[in-house]
Amino acid sequence: MANLTTLERGAALADIVTVMDADGGVIVSDLLPETPRLQLIEDLATTFDKTVPGSKSGIEHWEGFHGANTRRFCGLAARSDAFVEHALLNPTLLAVADHYLLDHANGYWLNTGQIMAVGPGEPAQYLHRDETNWPEAIADGREITVSCMFALSDFTRSNGATVVIPETQNLPAAVIRGGNFDDEETAYASMPAGSGMIYSGRVIHGAGQNTTSSWRYGMHVSFVVGWLRPEEASPLVVDQKRAASLPERARQLLGWASYHSDGGGRTWLVDFEDASRLFD
Ligand SMILES: O=C(O)CCC(=O)C(=O)O
């Protein structure tokens with residue numbers, strides 16, 4: 001079995017990046033401390049209870065991907081201040097996103113903040129790369145998306161800890177949906193509640209099989225370069241009133257600001273103005 005390295009909360013960015021460059025992913029312990037983790041669980045409890053397991057897409061491919069006994073929902077910034085403060089604005093995660101995404105973009109925004117709770121008996125998800133969401137944009141040598149899987153409960157190999165194939169971030173650009181790897185090549189993001197596994201949009205991974213009778217409660221948070229369209233339409237869920245109550249950086253990450261490219265292009269404008277002017 002392959003391994004993922006665990007670093008302590010507060011580890012230097014240089015150390016995090018060294019491990020990510022080598023393996024494609026790194027576990028950071030206590031990335032989401034106890035108090036905000038419990039608050040987040042409380043903030044999301046009603047939605048969790050109301051969410052029916054399985055895909056809402058009605059599309060066969062996505063039904064397989066989402067899993068029949070996995071609960072997924074988004075809109076976390078609309079529902080939880082703890083999400084905004086400790087996950088969306090997590091300084092370690094933002095520093096990693098700055099490092100990988102600002103090389104070839106002038107900014108990035110939230111791709112999705114998504115509960116991924118894998119239920120009892122759920123088989124493993126097929127392996128994939130997150131960047132496969134944007135097949136037109138993938139290219140060797142550049143990251144377009146960076147993700148973190150926060151463990152809201154303990155992640156173990158038997159309850160569906162994320163499966164990661166270290167070093168596959170270095171394989172050539174290609175749409176990856178499915179694949180088989182030997183045991184020696186396969187790592188599991190086993191980690192105590194509160195840890196986060198930060199990973200490259202290029203590393204091959206997927207939810208593990210849950211052979212237990214409990215739920216594996218995960219929260220995925222990912223960012224995508226500002227010149228691509230995110231998976232989740234955040235500003236259609238986080239309305240202007242809610243956005244006005246949030247820090248400026250959170251508003252920008254949630255799509256209440258525009259994108260200015262190096263070449264002078266401006267996108268996501270409101271009547272030719274930067275969308276952030278709505279809050280002046
Ligand atoms: O739930 C997990 O551990 C990973 C899920 C995942 O990679 C995804 O749905 O994109």
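Any value given below was found using the heavy atoms of this structure, including those in side chains, with hydrogens, waters and symmetry copies removed. Indexing begins at 1, ligand by ligand and atom by atom, following the structure's order.
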Asker: Which bit of H220 gets closer than 4.0 Å to ligand 1, counting heavy atoms only: side chain, backbone, both or neither?
Answerer: neither
Asker: Is it true that R37 and E34 have a side-chain N and a carboxylate O under 4.0 angstrom from each other?
Answerer: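 Counted as a salt bridge, because a side-chain N and a carboxylate O are separated by less than 4.0 Å.
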Asker: Does H128 come within less than 4.0 Å of ligand 1, judged by its heavy atoms?
Answerer: yes
Asker: Can you find an N/O atom of Y199 closer than 3.5 Å to an N/O atom of ligand 1?
Answerer: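 Min N/O separation from ligand 1 is not below 3.5 Å for Y199.
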Asker: For T162, take its heavy atoms, then give the atoms of ligand 1 lying under 4.0 Å from any of them.
Answerer: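 Within the 4.0 Å cut-off of T162, ligand 1 contributes 2 (C), 3 (O).
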Asker: Just to check, does F155 reach to within less than 4.0 Å of ligand 1 when the distance is taken from its heavy atoms?
Answerer: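 No, F155 has no heavy atoms under 4.0 Å from ligand 1.
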Asker: What's the shortest distance from atom 5 (C) of ligand 1 to any protein heavy atom, and which residue and atom give it?
Answerer: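 Going atom by atom, the protein heavy atom closest to atom 5 (C) of ligand 1 ends up being Q125 OE1, 3.2 Å.
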Asker: Contact between ligand 1 and R72 is defined here as a heavy atom of the residue under 4.0 Å from a ligand atom; is it met?
Answerer: yes
Asker: Can you tell me if CD on E248 sees more than 12 non-hydrogen neighbours from other groups inside 6.0 Å?
Answerer: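 Open: at most 12 neighbouring heavy atoms sit under 6.0 Å from CD of E248.
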Asker: At less than 4.0 angstrom from any non-hydrogen atom of R216, what atoms of ligand 1 do you find?
Answerer: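 It comes down to these atoms of ligand 1: 1 (O), 2 (C), 3 (O).
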Asker: Would you sort out whether D23 and Y199 count as a side-chain hydrogen bond (donor to acceptor under 3.5 Å, both in side chains), showing the intermediate values?
Answerer: CA-CA 9 Å; D23 294 342; Y199 57 102; over 6 Å; no
Asker: Considering residues, nucleotides and ligands other than R249, do more than 12 of their heavy atoms fall under 6.0 Å from its CZ?
Answerer: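 Yes.
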Asker: Any donor-acceptor pair under 3.5 Å linking the side-chain atoms of E122 with those of T70?
Answerer: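 The answer is yes; a qualifying pair exists.
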Asker: Is a salt bridge present between D81 and R242, judged by a nitrogen-to-oxygen distance below 4.0 Å?
Answerer: yes
Asker: So if I count the atoms of ligand 1 from 1 in the order they appear, which ones are less than 4.0 Å from some heavy atom of M149?
Answerer: 1 (O), 2 (C), 3 (O), 4 (C)
Asker: Flag the pair R277 and D271 as a salt bridge only when some basic side-chain nitrogen lies within less than 4.0 angstrom of an acidic carboxylate oxygen.
Answerer: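 Judged by the 4.0 Å cut-off on N to carboxylate O distance, R277 and D271 do not form a salt bridge.
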Asker: Tell me, which protein residue and heavy-atom name are nearest atom 4 (C) of ligand 1, and how many Å apart are they?
Answerer: A207 N, 3.6 Å
Asker: At a non-hydrogen distance cut-off of under 4.0 Å, which region of H205 contacts ligand 1 (side chain, backbone, both, or neither)?
Answerer: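 Just the side chain.
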Asker: Go through the side-chain N and O atoms of E232 and T112 and say whether any donor and acceptor fall under 3.5 Å apart.
Answerer: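 Yes, side-chain donor-acceptor contact under 3.5 Å.
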